[in-house]
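Shown below is the structure under consideration.
In what follows, every heavy atom counts, from backbone to side chain, and hydrogens, waters and symmetry copies are set aside.
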Amino acid sequence: MDNICHQHDKTQPKKPTSTELVKQHNHPSFIHNHLTNTIFFTLFFSVIYFLLHRWRDKIRNSVPLHVLTLSDLAALVSLVASVVYLVGFFGTDFIHSILHPSPDSWHIEDDQPEQQQVLSSHMMPQTTTAEDGDEQDDQLVKMVVKGTIPSYVLESKLKDCKRAATIRRKAVERITGKSLTGLGIDGFDYESILGQCCEMPVGYVQIPVGIAGPLLMNGREFMVPMATTEGCLVASTNRGCKAIYVSGGATSVVLKDGMTRAPVVRFGSVMRAAELKRVLEDPEKFETFAAVFNKSSRFGRLQSIRCAIAGKNLYIRFCCATGDAMGMNMVSKGVQNVLDFLQIDFPDMDVMGISGNYCSDKKPAAVNWIEGRGKSVVCEAVIKEEVVQKVLKTTVSALVELNMLKNLTGSAMAGALGGFNAHASNIVSAVFLATGQDPAQNVESSHCITMMEAVNDGKDLHISVTMPSIEVGTVGGGTQLASQSACLNLLGVKGASKDEPGSNSRVLSTIVAGSVLAGELSLMSAISAGQLVKSHMKYNRSTKDVSKLTSS
């Protein structure tokens with residue numbers, strides 16, 4: 001981002017006037033360059049024409065093309081000289097203009113003096129009053145509404161992200177005729193999201209954050225931040241945390257840690273697709289592919305390659321350790337390295353897409369339920385009989401029976417895929433939003449099976465949640481925003497671990513699983529005790545008269 005949202009340097013060079021441009025045009029050096037360019041252009045096309053005719057004659061007379069006459073050699077030398085000159089004169093500036101476009105260019109035609117004048121007044125540093133600033137912003141809003149200025153360039157041109165968001169917001173209100181009153185605009189660092197989290201912002205949505213805990217797990221206490229708009233959710237999870245705490249805490253284990261990406265490639269025949277499958281799954285060749293894959297990152301380490309064939313199409317599922325990052329970009333870079341490497345021995349391989357949905361990302365999929373994706377975590381606790389009765393207001397036998405009928409049998413009757421739980425996605429979504437995770441990955445991250453059984457002669461309750469695909473990270477993306485970073489700091493997992501790369505994200509995955517365990521325990525108890533409707537009526541009901549609420 002660097003200086004993208006700061007004001008222009010006040011020492012910008014003055015642009016030449018039209019009179020100065022005419023003088024430059026009539027300067028002897030300009031005339032000399034014009035003449036030289038004409039000569040080399042003429043030479044280039046003349047030589048091309050001559051060589052094409054010579055090669056045609058050689059082909060007709062069966063003369064080898066590599067047999068050169070003196071005139072052929074002269075023509076080739078002239079061709080090289082003209083190409084070198086033309087590329088040197090025109091190519092450098094052309095390539096530079098593509099890689100580093102002028103920050104002052106708004107791509108506005110010369111026949112739009114009004115817009116050019118307005119933009120120039122905004123771009124040049126100047127001292128303005130509040131009224132002048134409002135008038136200038138209003139002019140920019142009108143230009144955005146008309147389409148004269150693309151909305152997406154406001155940040156880069158105004159060098160003020162907050163101002164850009166405000167102008168865009170006003171333009172949206174004028175275009176739609178709808179008010180955005182109530183949508184937050186002040187008190188947010190818009191520079192922090194530029195090129196990272198959200199494009200073309202017009203404000204931010206307020207989601208309240210509650211705290212559940214302490215969650216006692218693996219001998220540590222965690223105060224769990226939960227961002228949600230659902231009443232009872234934080235309170236219910238908090239009750240589950242209390243039941244776990246007074247029973248001695250929970251234990252959580254990360255069984256597997258690896259992000260996946262699965263490109264799809266196509267061949268001309270099934271046999272060729274099967275041949276590549278055998279090569280990729282050959283244990284003796286794995287180290288070669290791992291070395292190619294691992295070049296893309298300091299932390300990315302290839303763990304496995306699994307393939308599936310559908311006709312002539314081959315789906316290649318790469319699994320990779322990604323340190324403390326969630327790792328989608330990291331694994332995609334490694335996959336591209338391997339695909340480029342394979343193209344040497346399989347030139348007939350047609351890469352149809354870097355992702356062929358065999359990954360599978362942000363979709364419910366059996367492959368994630370069975371093989372895992374991200375962190376595969378299991379968490380358990382033994383809740384004492386007196387705690388079940390006094391804190392959860394139910395009995396062990398009632399919970400065990402309800403879990404079998406609801407979470408197991410009922411989910412099976414519904415044909416659930418990874419949904420053998422009461423409301424795991426509720427807790428996962430709330431923790432994800434609070435800690436800056438990708439909310440869409442709640443889909444596979446909420447895959448969970450909740451198990452309950454009576455232990456210790458039927459007196460106590462053993463409860464566990466098994467979650468094979470929790471996809472979290474503590475660096476990158478939304479984790480770098482101030483609010484989300486604060487929540488990660490509260491959990492003690494902010495940023496990358498210096499001592500053991502990847503440990504922070506693994507701890508975060510266990511916190512997610514532990515929170516789900518608490519949420520499952522509390523909700524199932526509420527249902528068992530007949531408290532669900534009563535509690536929601538108490539905590540999740542608005543006192544406002546909805547008949548008087550109107551949209552504007």
Pair S425, N442: side-chain N/O donor-acceptor within cut-off below 3.5 Å: no
Mind checking what makes side-chain hydrogen bond (donor to acceptor under 3.5 Å, both in side chains) contact with D257, not counting sequence neighbours? K375, R506
Carefully, step by step, assess V234 and T228 under the rule side chain to side chain contact (heavy atoms under 4.5 Å, CB included). CA-CA 8 Å; V234 178; T228 181; 3.9 Å; yes
Is it the case that over 12 heavy atoms from other parts of the model lie below 6.0 angstrom from the CZ atom of R169?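 Yes - once you tally the heavy atoms of other residues, nucleotides and ligands closer than 6.0 Å, there are more than 12.
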Any heavy-atom pair between the side chains of V512 and S445 that's under 4.5 Å?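 No, too far: nothing below the 4.5 Å cut-off.
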Within the structure provided, determine whether I354 and L339 are in side-chain contact (heavy-atom separation under 4.5 Å).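 The answer is yes, as the side chains (C-beta and beyond) meet within the 4.5 Å cut-off.
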Could you check if a side-chain atom of Y204 sits within less than 4.5 angstrom of a side-chain atom of L183, using non-hydrogen atoms only?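 No. Closest side-chain heavy atoms not under 4.5 Å.
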dist S446:OG -> E471:CD (nearest 0.5 Å) comes out at 10.0 Å
Distance check, rounded to the nearest 0.5 Å: L491 atom CG versus M223 atom CE?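 L491 CG to M223 CE: 10.0 Å, rounded to 0.5 Å.
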Nearest heavy-atom contact between P439 and L433 is CG-CD2, 3.9 Å
Apply side chain to side chain contact (heavy atoms under 4.5 Å, CB included) to I211 and M226, showing your working. CA-CA 6 Å; I211 296 293; M226 301 175 66; over 6 Å; no
Closest non-hydrogen atom pair between A171 and V144, with its separation: CB-CG1, 3.6 Å
After noting the C-alpha distance and the side-chain angles of K256 and V254, does the key distance pass the side chain to side chain contact (heavy atoms under 4.5 Å, CB included) rule? CA-CA 6 Å; K256 189 187 299 185; V254 178; over 6 Å; no
Side chain proximity check, N313 to V265, heavy atoms < 4.5 angstrom: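 A side-chain contact is absent here, since even the closest heavy-atom pair is not under 4.5 Å.
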Give a yes or no on this: more than 12 heavy atoms of other residues, nucleotides or ligands lie within 6.0 Å of atom CD of Q343. yes
Kindly indicate whether the side chain of L481, heavy atoms from C-beta on, has any atom under 4.5 Å from the side chain of C197. yes
Minimum heavy-atom separation for A513 to M467, with atom names? CA-SD, 3.8 Å
Derivation and outcome, salt bridge (charged side-chain N to carboxylate O under 4.0 Å, His left out), residues K162 and D189: CA-CA 8 Å; K162 168 67 183 303; D189 183 6; over 6 Å; no
Roughly how far apart are L508 CG and I470 CD1, rounded to 0.5 Å?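 Output value for this atom pair is 8.5 Å.
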Heavy-atom closest contact (R317 atom, E371 atom, distance):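 Scanning both residues completely, I find the closest heavy atoms to be NH1-CB, 3.6 Å.
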For C448 versus N421, what's the shortest heavy-atom pair and its separation? O-ND2, 2.9 Å
Stepwise side chain to side chain contact (heavy atoms under 4.5 Å, CB included) check, M328 with D361: CA-CA 9 Å; M328 285 299 299; D361 186 42; 4.0 Å; yes
Whether N357 side chain and S360 backbone form a donor-acceptor pair below 3.5 Å: no
Looking only at atom types and distance, does a side-chain atom of Y190 sit under 3.5 Å from a main-chain N or O of I185, one as donor and one as acceptor?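 Indeed, once roles are kept as given, a pair shorter than 3.5 Å links the two residues.
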Side-chain heavy atoms of V472 within contact of M326, under 4.5 Å: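 The answer is no, as the side chains (C-beta and beyond) never meet within the 4.5 Å cut-off.
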Under 3.5 Å, is there a donor-acceptor pair between the side chain of S522 and the main chain of G519? no
Just so I know, are the side chains of L233 and I427 near enough to count as touching, which here means a heavy-atom distance under 4.5 Å? yes
Ion pair check, D137 and K170, cut-off under 4.0 Å: no
Treating D324 as the side-chain partner and A496 as the backbone partner, does any N or O pair qualify as donor plus acceptor under 3.5 Å?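 No, because the side chain of D324 does not come within donor-acceptor range (under 3.5 Å) of the backbone of A496.
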Which pair of non-hydrogen atoms, one from P468 and one from S376, has the smallest distance, and what is that distance? O-OG, 2.6 Å
Looking at side-chain heavy atoms only, is the closest gap between V335 and F318 below 4.5 Å?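 Yes; the side chains approach each other to less than 4.5 Å.
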Residue pairs meeting salt bridge (charged side-chain N to carboxylate O under 4.0 Å, His left out), one or both in residues 435-446, sequence neighbours left out, come to K362-D438, R373-E444
Counting only heavy atoms not in N329 (residues, nucleotides, ligands), do more than 12 fall under 6.0 Å from its CG? no
